[in-house]
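Pasting a structure below so you can have a look.
Below, chains carry the letters A, B, ... as their sequence lines are ordered, and counting in each starts from 1. In what follows, every heavy atom counts, from backbone to side chain, and hydrogens, waters and symmetry copies are set aside.
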There are 2 protein chains.
Amino acid sequence: MPDDPAYLAQLQDYYARHRVFPPYSGIGRLVGLKSKSSVSAMLARLRLAGFLEATPDRRLKPGPRFFERVVADSVRAGFPQPADDSAKETLTLDEYLIENPSRTVLVRVKGDSMIDAGIQPGDIAVVQRSFEAHAGDVVVAIVDDEFTLKLLDKEDGQYVLKPANPAYPVIRPKGKLELFGVVVGMVRKYR
Amino acid sequence: MPDDPAYLAQLQDYYARHRVFPPYSGIGRLVGLKSKSSVSAMLARLRLAGFLEATPDRRLKPGPRFFERVVADSVRAGFPQPADDSAKETLTLDEYLIENPSRTVLVRVKGDSMIDAGIQPGDIAVVQRSFEAHAGDVVVAIVDDEFTLKLLDKEDGQYVLKPANPAYPVIRPKGKLELFGVVVGMVRKYR
DNA sequence: TTGACCTGGGAACGATCGTTCGATAGTTTG
DNA sequence: CAAACTATCGAACGATCGTTCCCAGGTCAA
């Protein structure tokens, strides 16, 4: 019985380390198959399942499902996906956060003016440009020639920029409010 | 005069599309070099510059500088890389956050016990299993058959789980502390 | 102008690749 | 129990790979 999930996991790890696939012989060594024909069969299976694809040059490349991750719910103590194929929610982080790649920019957060909104210095904000902003959105505005991350709100029909930190003042733009984009996601890396 | 930056940009584009490199002949077609020897020379230069490396199998792989990406800094008002859109989409968030795919699980956060650490309900924690935890890490522990997200700390040589919210009590495990994994990243989506 | 130097093209070569074809062992089906 | 199927192995094969060497054309300094 072939253990394709384990093979796939090995491949994913190797790819994460090197950003490239090894040759068939290397894959064999990696996953514990001694024959290239076994590797070939295994890869064909993964290809059918959508984990792998081929480039125009007929080279191996990661398929759409290659980067999927399992989302575990915090309520169940059942450990992650032993054989639980049924209610398995998967997603790739890219697709989850970035809907419009060409208009999406990452901005590293400076300062703690949004700390009460769970946005800390060093975090990376996923910013979508030319996106209609509404009151309640976190936005990247341009104030005094600098990017600034604030909560967009409305006071007396006038847009204002509110920090999420009592130590900072509310910004009431004099002229036109210049928006760079809307924050659609947030990413933080520990360690 | 060789136009290495342009060559590199082409390579990065191709890689962003396929997550894999073409063979030398394909690279030649891609960047406009008609001879594999020229390609070889060009790649050697890029290798020296740190954009490319070799795998243990002596295959081409992206080097540390290959994914260099202008993360817009909040200090400058100069808009991010207007002309050079090509090298922009190379770094994916998956690659940024997930180092070890087979041991990484996503866990959706429930409750506000970590709110002061900037972790809100609905956020998705990137959890790496079987990863040595130290005091100061945010960890996913198993308490009463449920996942729980807490800050790992040490009191009198004993590990304890501290919430980041004064409304919750510190958890001092009676027996052995059961850890599910260490939180290495955090993702949030707005709207 | 000459000659060293650099860059890209072309051809040849051995190494390595991925495919293919049986054979084998273990499991499932009838 | 026999037959069919599956997953693997091992060997052989042509295709393709990346390297290497040499040459053509251009540039720059002497």
Q | Min side-chain heavy-atom separation B:Leu33-B:Met42 under 4.5 Å | A |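 The answer is yes; the side chains approach within 4.5 Å.
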Q. Taking it one step at a time, do A:Leu152 and A:Val138 satisfy side-chain contact (heavy atoms from CB on, under 4.5 Å)?
A. CA-CA 6 Å; A:Leu152 186 68; A:Val138 177; over 6 Å; no
Q: Check whether any side-chain heavy atom of A:Pro62 sits under 4.5 Å from a side-chain heavy atom of B:Val20, and report yes or no.
A: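 In contact.
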Q. Just wondering, are more than 12 heavy atoms of other shown residues or ligands nearer than 6.0 Å to CD in B:Glu99?
A.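 12 or below, so no.
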Q | Backbone N/O of A:Ala167 and side chain of A:Asn165: donor-acceptor pair under 3.5 Å | A |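 Judged by distance alone, yes, a pair lies under 3.5 Å.
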Q) Could you run down nucleotides 9-24 of chain D 5' to 3' and tag each one B, S or - for protein heavy-atom contact under 4.0 Å? A) BB------SBBBB---
Q: Describe, as an angle rounded to 10 degrees, how the axis at the first end of the helix from C:dT1-D:dA30 to C:dG30-D:dC1 is tilted relative to the axis at the last end, five pairs per end.
A: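 Here the local axes at opposite ends form an angle of 20°.
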Q.
In this structure, is the centre-to-centre distance between the rings of A:Phe66 and A:Phe21 below 6.0 Å?
A.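 Yes, close enough.
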Q.
Which label fits A:Phe67 and A:Tyr15: parallel for a plane angle under 30°, tilted from 30 to 60°, or perpendicular past 60°?
A.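 Aromatic pair A:Phe67/A:Tyr15 classed perpendicular.
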Q: Might you point out which heavy atoms bring A:Tyr96 and B:Lys189 nearest each other, and give the distance in Å?
A: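 Minimum heavy-atom contact is O-NZ, 3.0 Å.
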Q: Quickly work out the A:Met42 CE to D:dT8 P distance and round it to whole Å.
A: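 Computing the A:Met42:CE to D:dT8:P distance gives 8 Å.
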Q. Does the side chain of A:Arg45 get closer than 4.0 angstrom to OP1 or OP2 of D:dT6 through an N or O atom?
A.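 Indeed not, no polar side-chain atom of A:Arg45 lies that close.
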